[in-house]
Amino acid sequence: MAETRPVLIAGGGIGGLAVALGLAQKGIRSILLEKAAALGEIGAGIQLGPNAFHAFDYLGVGEAARNMAVYIDQLRLMDALTADEITHIDLGDAFRARFGNPYAVVHRGDLHGVFLRACQSHELIELRVSSEVVGYEQDGSSVTAKLASGERITGRLLIGADGLWSNIRKQVTADGPPRVSGHTTYRSVIPTEQMPEDLRWNAATLWAGPKCHIVHYPLSGWKVFNLVVTYHNDAPEPVAGKPVSEAEVMKGFTHVHERAQNIIRHGTNWKLWVLCDRDPTERWIDGRVVLLGDAAHPMLQYFAQGACQAMEDAVCLSHMLAHHDDQAAALDAYRAQRFPRTARVQLMSRAIGEHVYHPAGDHARIRNAIMSAKSQTEWCDDIAWLYGGTGLGS
């Protein structure tokens with residue numbers, strides 16, 4: 001009887017939609033519960049390593065995802081103080097051959113739309129909006145999601161894919177609020193014709209400076225450039241999506257090269273986010289409840305892997321549920337597969353922020369010396385553990 005009940009998914013972001021799709025392809029019915037009044041995705045660009053394309057293919061959206069991505073030529077690291085290139089990673093034929101897939105950038109809303117359309121067209125997926133899951137109850141045979149409206153929905157399993165501030169995690173893990181990093185990120189989108197002509201590179205470009213950095217790359221068929229700038233201003237509390245002035249953004253970049261400052265001056269409609277993450281924990285499971293994506297392992301942006309790791313989770317969880325007769329064994333196998341990898345990305349994201357994005361003085365000079373000395377083959381060797389991996393292991 002229990003096996004006829006649907007899987008419940010809290011959260012309609014990329015991770016929630018991806019796991020609904022993965023389950024549907026295994027013949028498993030799901031009900032996705034999204035708190036917003038409409039299914040959509042805010043934000044601008046995200047980067048997609050080859051591991052993201054492995055997930056797209058597994059989930060059956062590879063062609064659609066490839067059609068709306070922008071394929072960049074390089075990952076480029078610039079010194080924000082001197083405006084000199086430190087190093088770059090070529091993303092051409094050798095890179096694609098090594099990892100079996102490309103590196104690309106995409107608008108978050110476009111990617112969300114790919115998953116949403118695939119879910120809407122699948123008869124095993126039911127999508128509900130205005131349905132915030134605030135908690136759950138369970139017994140030996142089922143789990144019941146409690147909605148903010150007072151409604152109760154019962155299923156065989158509840159997946160918490162409800163993000164950094166997950167209500168499901170509060171009950172599963174009970175480890176308090178996320179860790180505030182003290183780093184504030186400002187986002188803007190620049191029409192391509194307004195981007196300085198000498199910086200219209202087909203690259204994901206990082207300008208690294210003392211306690212600050214700038215990232216830009218083309219999006220949406222080269223119609224716009226995504227611009228994300230961050231500085232370490234010891235922000236004390238979480239903030240998300242707050243509009244701010246250009247003057248406030250520039251405060252953190254008065255010490256960098258004029259060429260780097262000029263990029264920021266072309267931004268408009270700036271909004272800020274204070275970055276948060278959590279320490280890794282293996283407490284992802286509570287009986288018939290399991291966490292996925294940022295609800296399980298929120299990470300800083302410095303590895304550009306948040307969405308990629310959520311999609312890998314979706315691949316792994318749907319695979320394990322289909323290949324284990326016992327649901328508890330499937331959840332344990334999912335956690336055992338995913339925890340070491342996601343914990344490594346969480347911790348290395350922090351380390352990259354400290355040692356690559358934001359160092360100053362001798363620390364920065366050491367960074368430049370080490371990173372500029374690496375060959376393209378050495379770069380690929382260094383990142384093979386990440387880009388060569390999938391949700392099911394290497």
Side-chain angles (χ1 to χ4, degrees), residues 3-43 45-46 48 51-70 101-102 104-133 145 147 151 153-163 219-221 290 292-295 306-323 334 390-392:
E3 292 306 306
T4 66
R5 295 190 180 109
V7 170
L8 309 179
I9 302 168
I14 289 170
L17 293 174
V19 75
L21 198 56
L23 292 172
Q25 292 187 327
K26 304 298 185 184
I28 301 172
R29 185 164 67 95
S30 66
I31 300 174
L32 184 145
L33 304 162
E34 165 56 37
K35 70 178 181 180
L39 280 160
E41 186 70 271
I42 61 170
I46 55 176
L48 301 171
N51 56 318
F53 287 90
H54 301 326
F56 294 148
D57 291 338
Y58 184 93
L59 297 169
V61 295
E63 183 177 358
R66 284 175 170 81
N67 286 342
M68 53 80 193
V70 172
N101 266 310
V105 292
V106 65
H107 195 286
R108 183 178 290 271
D110 293 342
L111 179 58
H112 186 271
V114 166
F115 282 110
L116 179 58
R117 288 187 291 275
C119 287
Q120 288 170 331
S121 65
H122 207 296
E123 61 184 10
L124 292 178
I125 301 172
E126 180 181 346
L127 303 173
R128 297 190 189 181
V129 295
S130 302
S131 299
E132 181 180 9
V133 182
L147 305 192
E151 186 180 359
I153 303 174
T154 298
R156 58 180 275 202
L157 172 69
L158 172 61
I159 300 172
D162 48 346
L219 279 181
S220 302
V290 64
L292 179 147
D294 281 351
C308 298
Q309 292 304 308
M311 290 186 289
E312 285 192 8
D313 287 350
V315 168
C316 185
L317 183 54
S318 56
H319 176 86
M320 295 304 181
L321 287 168
H323 286 80
Y334 158 72
T390 71
L392 303 177

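Below, all heavy atoms of this structure are taken into account, side chains as well, without hydrogens, waters or symmetry copies.
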Heavy-atom side-chain proximity of [X] to [Y] below 4.5 angstrom:
X: N101; Y: F56; result: no
X: I153; Y: L33; result: yes
X: Y334; Y: L321; result: no
X: D313; Y: V19; result: no
X: I14; Y: R108; result: yes

Between [X] and [Y], which heavy-atom pair has the shortest distance, and what is it?
X: G12; Y: H112; value: O-NE2, 2.8 Å
X: A37; Y: V129; value: O-CG2, 3.4 Å
X: A145; Y: L8; value: CB-CD1, 3.9 Å

- Mind checking whether H323 and H319 have parallel, tilted or perpendicular rings, split at 30° and 60°? parallel
- Item | Main-chain N/O of C119 paired with S121 side-chain donor or acceptor, under 3.5 Å | no
- Is the backbone N or O of M68 less than 3.5 Å from a side-chain atom of H107, with the two atoms forming a donor-acceptor pair by type? no
- Message: Under the rule for side chain to side chain donor-acceptor pair (under 3.5 Å), what residues qualify as partners of Q25, not counting sequence neighbours?
- Response: none
- Task: Return the set of residues passing salt bridge (Lys or Arg N to Asp or Glu O under 4.0 Å) with D294 (not counting sequence neighbours), or none when no residue passes.
- Result: none
- Query: Under the salt bridge (Lys or Arg N to Asp or Glu O under 4.0 Å) test, which residues partner R117, sequence neighbours left out?
  - Reply: none
